[in-house]
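Notes follow once the structure below has been shown.
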Amino acid sequence: MNESESQNKPNIPEVFLNPYNPADYEQKLYKMWEDSGFFNPDVCIKKGVTSPEAETFSIVLPPPNVTGTLHMGHAAMLAIEDILIRYHRMQGKRTLWIPGTDSAALATQSKVEGIIFKEEKKRRDEIGREELLKRITAFAEESKDTILNQTRKMGSSLDWSRYAYTLDDTRYKAVMTAFVNMYKDDLIYRGDRIINWDPNMQTTVSDDEIEYVEKTDPFYYFKYGPFTIGTVRPETKFGDKYVVMHPDDVRYKEYKHGQTIEVEWINGPITATIIKDEAADPEIGTGVMTITPWHSTVDYEIAERHGLDKEQVIDERGLLLPIAGEFAGQHIKKVRAAILEKMQSKNLIERVDEKYIHNIATNSRGGGTIEPQIKRQWFVAVNKKFILKHSEIPGVPSGSEVTLKELMVAAVEHGGTDIFPERFKRVYFNWINNLRDWCISRQIWFGHRIPVWYKGDEIYCGVEAPTGEGWLQDHDTLDTWFSSGLWTFSTLGWPEKTEDLKTYHPTTVLETGYDIIFFWVARMILMSTYHLGQVPFKNVYMHGLIRDEKGKKMSKSLGNVIDPLTMIDKYGTDATRLSLIIGAAPGNDMPLSENKVKGYKNFGNKIWNISRFILTHTADLDTKNFVSKSIRDEEIIAQLKSTVADVSSEIEKFNLYLAGEKAYHYVWSELADVILEESKLILNGTNLEEKNSRQIVLLECLTTSLKLLHPFMPFVTEAIWQELPVEMKDSDMLMVAKWPNA
RNA sequence: GACCGAUUAGCUCAGCUGGUAGAGCGCUACAUUGACAUUGUAGAGGCCACAAGUUCAAGUCUUGUAUCGGUCACCA
């Protein structure tokens, strides 16, 4: 701006002379917001921004791992939730967004154990429970600030005064109480059942934490008496003394169920029993198999059906037991060749398919190959009837006799919890139908220890340790999803009957990636319906996965990771947020490229310059001269209002991608390209009334546009808002300004 | 094997309850130092995967086929 211009337009803040630079504002503004206390709804009420009678709107943030760093998935989650939160806060609702972090027991412990082993060459047994826990806790504590500060960088308007950690005192009490209640209702039991054992991490793993990885291995055909059986794992076969075939398989019609035959096997002759069971698929291999009930889920189920013996062949560390004879004590990974050699010499090998493709189960949290074992563990019974005393769940009257499974179905079936996009409802129901009892005990040390104590034959279960001498607490800890399942209400202070719990539960929305629907969404529904008789949330909004521009999963090994923090440094938070929202239809994966982020940085500057233009050309406005608007001015206002209506309704339908696009489109293509352009003539013209009217219209367009964009681009809009003359604003801070009326 | 999704402009995708196709990016041409480390204007570009059906009318509804992707289950 040259000198003569600045004389004409005296009141324009100097900041507008330069392009908008996000880095100059973002930290400052976030601090201003945080210091204002308005992230906390109680402060909003106290300062008169929100009415105490206002409708509530609450979201609990899916807690990131304490030891994690921000990735694009987090960034998208934070952007989406912050948009919803900011929109509803501006709507005047009593709005709460609760932050937290998750201990991610298994992942964190294995990370720390890994570090210790690398640096000190020590395993956990050598470190000891107490010392290891101390170190893990320190590690978690140390790394938590990283993820929390990165969360702030996204502009997230979280109520930090309500920060929760899955292992803090309040949550500890919630977890203990939950366990004890379920134990007393017989919904938690201890039993010997087949579970997924991770020999690397020395712990059980739930069904959902298993990841199947495709592998090519040789497939061996062995002579087993008159039969040929196939296997990829010769090292498990020592004790196999049942031979199973389909009852209708005509090839084996001469053999009767229960009939015994003598066969020569790896370590000498054994007596085999014929079992007819439909689990044997005549199409696979020879249609005949031997079973190893201790180390295979399917075999275990067959054995259960027919009351067969189960023998352990492999121990917890992967070593063969005495049943393996001369091979006992050797590790299963190393012993195969020797076994095959012996079988070859006994002429038991018929043939080998070298390339057999099959899936092996691995622990998705740590990577070990799963070895099923029968072990005494704690389980949640999902099919056991109980009386639900208090219920607000649609379709389930108080006092109903139900199972946990039925509760989980009812919550969604009768609309208590609505899942969006709709297709995920079916995914959810499918999973529940196949649900088996949930193994909740883990043999790791980091986590909530099971509140059960033993003394001889006595068992005690309680929130507090029993009094008296000689009680020993169960060594196991709880599956991390057990405590995560309580999250919507443990964060609100349960089991105490807090004001927060009464006010904000059920929460309004749960927003999360669809990859976590089983682990978490379903478990929260289970826990909340059981413990509170309430659904945990009224709406579930599933976002897709963020992928690279070619649609590939982002991964370090592919080198295609776009780091949100880098994007924020280069283009600003607003641009990063917008790039994660626009073009991302709910539940659909979305490709992201750096160019997209860059594009939205230009938009930030566009708004900046729109503001500069309008402020420059309205500095001489004297509102006393107000005259009625022209037809065109009315039209502009009408169009503005219809944009407000559109944007609002799209946000309320969770179509943020449409809301964002409409706001973007309005501001750039309509306000800037059409309205400002045509206004130039009027503003520089001689018709003062016309000019005056248009100035007022432009100011309204500006303030309203800033409000519309604020949820999407909180920083640049607030930065501009702070420069606006007081008389133009209904609030000092845009964050708590009133959402415009349509 | 079961279920789910996708198939629309060069690319990424919108098109809700059926009425002869839209956005962003990219591309081409022109203009512009302007409120704008640019922006604006104009333009090219689509038998909406294929086939049949319902209908006065179908990207839009039904059925089937093909290809791609995902989830779950099984895998002796």
Side-chain angles (χ1 to χ4, degrees), chain A residues 1 5 9 12 16-21 207-208 210 212 214-215 219-222 224 227-233 236-237 240 242-245 279-292 296-299 302 356-361 421-431 433-435 514-515 517-518 544-545 547 549-553 579 582-585 587-593 595-596 598-617 649-650 653 655 657-658 661-662 664-665 668-669 672-674 676-677 679-680 683:
Chain A
M1 209 181 281
E5 258 181 305
K9 280 84 181 178
I12 306 313
F16 287 112
L17 297 182
N18 293 314
Y20 175 66
N21 179 19
D207 292 344
D208 302 285
I210 288 187
Y212 290 92
E214 199 168 88
K215 234 186 131 206
F219 189 85
Y220 306 93
Y221 288 91
F222 295 142
Y224 189 83
F227 305 107
T228 303
I229 58 147
T231 185
V232 275
R233 304 196 57 200
T236 63
K237 295 278 148 198
D240 287 13
Y242 298 105
V243 53
V244 185
M245 59 211 70
D281 186 344
E283 305 286 312
I284 299 177
T286 58
V288 181
M289 61 178 173
T290 58
I291 57 169
T292 316
S296 154
T297 311
V298 178
D299 296 0
I302 293 172
Y356 176 74
I357 300 166
H358 66 132
N359 290 328
I360 57 161
E422 181 122 18
R423 70 177 123 88
F424 289 110
K425 278 187 196 169
R426 229 191 267 209
V427 178
Y428 173 82
F429 288 133
N430 268 342
W431 179 80
N433 284 336
N434 297 323
L435 188 62
Y514 63 73
D515 51 333
I517 181 166
F518 307 133
L545 272 36
R547 295 170 179 275
E549 55 190 316
K550 295 192 189 84
K552 288 215 169 93
K553 229 176 194 165
S579 72
I582 298 184
N588 285 2
D589 291 355
M590 190 198 62
L592 179 74
S593 66
N595 255 343
K596 190 173 176 189
K598 206 171 176 176
Y600 288 117
K601 185 190 176 175
N602 291 345
F603 182 53
N605 200 46
K606 189 81 184 176
I607 308 162
W608 190 252
N609 279 295
I610 289 169
S611 307
R612 171 178 171 182
F613 178 88
I614 294 180
L615 289 175
T616 308
H617 290 90
S649 97
E650 295 298 3
K653 286 187 281 184
N655 288 325
Y657 68 118
L658 293 179
E661 196 184 292
K662 280 177 179 170
Y664 173 90
H665 190 261
W668 198 317
S669 309
D673 290 352
V674 178
L676 291 197
E677 287 304 324
S679 298
K680 284 177 183 172
L683 295 168

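In what follows, every chain begins at residue 1, and chains take the letters A, B, ... in the order their sequences are listed.
- Which of B:G40, B:A37, B:A35 sits closest to the side chain of A:Ala672 comes down to B:A35.
- Of the side-chain N and O atoms in A:Lys606, none sit less than 4.0 angstrom from OP1 or OP2 of B:A37.
- Comparing B:C75, B:A35, B:A37 by their nearest atom to the side chain of A:Val298 picks out B:C75.
- No contact: A:Lys653 has no heavy atom under 4.0 Å from any strand.
- Here the separation of B:U65 from B:G22, taken at their P atoms, is 34 Å to the nearest Å.
- Listed nucleotides: B:G40, B:C74, B:A35. Nearest to the side chain of A:Asp673: B:G40.
- Rounded to the nearest Å, the gap between the P atom of B:U12 and that of B:U55 is 38 Å.
- Taking the P atoms as reference points, B:C4 lies 42 Å from B:A44, given to the whole Å.
- Checked by atom type and distance alone, the side chain of A:Asn655 never pairs as donor or acceptor with a backbone atom of A:Glu650 at under 3.5 Å.
- Contact between A:Asp673 and A:Lys606 at its shortest, heavy atoms only, is OD1-NZ, 4.4 Å.
- Spacing between B:U60 and B:A49 at atom C1', rounded to whole Å, works out to 16 Å.
- Counting non-hydrogen atoms under 4.0 angstrom, A:Leu658 reaches the backbone sugars and phosphates but no base.
- The residue A:Val244 sits apart from the nucleic acid: no heavy atom pair falls under 4.0 Å.
- A:Tyr514 comes within contact range of no nucleotide atom at all, as no heavy-atom separation falls under 4.0 Å.
- At whole-Å resolution of the value, NZ in A:Lys596 and P in B:G26 are 14 Å apart.
- For B:G10 and B:C50, the P atoms lie 14 Å apart once the distance is rounded to whole Å.
- Of the candidate nucleotides B:A37, B:A35, B:A23, B:A23 has the atom lying nearest to any side-chain atom of A:Glu661.
- For the pair A:Asp299 and A:Thr290, the tightest heavy-atom approach, listed with the atom from each and the gap, is OD2-O, 4.3 Å.
- Classification of the A:Phe219-A:Tyr221 ring pair by plane angle, with boundaries at 30° and 60°, yields perpendicular.
- With P as the reference atom, B:A9 and B:U54 are 29 Å apart, rounded to whole Å.
- Looking at A:Tyr224, its side chain does come within 3.5 Å of a backbone N or O of A:Asp240 through a donor-acceptor pair.
- Note: CD1 (A:Ile582) to P (B:C13) measures 16 Å, nearest angstrom.
- Using bins of under 30°, 30° to 60° and over 60° for the plane-to-plane angle, the ring pair A:Trp608/A:Phe16 lands in the tilted bin.
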Kindly give the atom pairs (protein nitrogen or oxygen, nucleotide nitrogen or oxygen) under 3.5 Å for nucleotides 2-5 of chain B.
residue : atom : partner  : partner atom : Å
B:C3    : O2'  : A:Asn430 : ND2          : 3.3
B:C4    : OP1  : A:Arg426 : NH1          : 2.4

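- A distance of 13.0 Å separates CG of A:Leu658 from NE2 of A:His665, quoted to the nearest 0.5 Å.
- Smallest separation of non-hydrogen atoms from A:Ala361 and A:Ile210: CB-CG2, 3.7 Å.
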* Structure fact -> Encoded 5' to 3' (Watson-Crick or G-U under 3.5 Å; [ ] crossing; | other strand), RNA chain B becomes (((((((..((((........)))).(((((.......))))).....(((((.......))))))))))))....
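- Close to B:G24, at under 4.0 Å from its OP1 or OP2, lies no side-chain N or O of A:Trp668.
- Atom CZ of A:Arg426 has 12 or fewer heavy atoms from other residues, nucleotides or ligands within 6.0 Å.
- For B:G45, the O4'-C1' to base torsion is more than 90° from 0; the nucleotide is therefore anti.
- The aromatic rings of A:Tyr600 and A:Tyr664 lie perpendicular to each other, with more than 60° between the two planes, well past the 30° mark.
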* Can you list the steps and then say if A:Leu592 with A:Ser579 is a side-chain contact (heavy atoms from CB on, under 4.5 Å)? -> CA-CA 8 Å; A:Leu592 179 74; A:Ser579 72; 3.8 Å; yes
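- Straight-line distance between the P atoms of B:U8 and B:G59: roughly 15 Å, to the nearest whole Å.
- Nucleic acid contact class of A:Asp299 (heavy atoms, under 4.0 Å, all strands): none.
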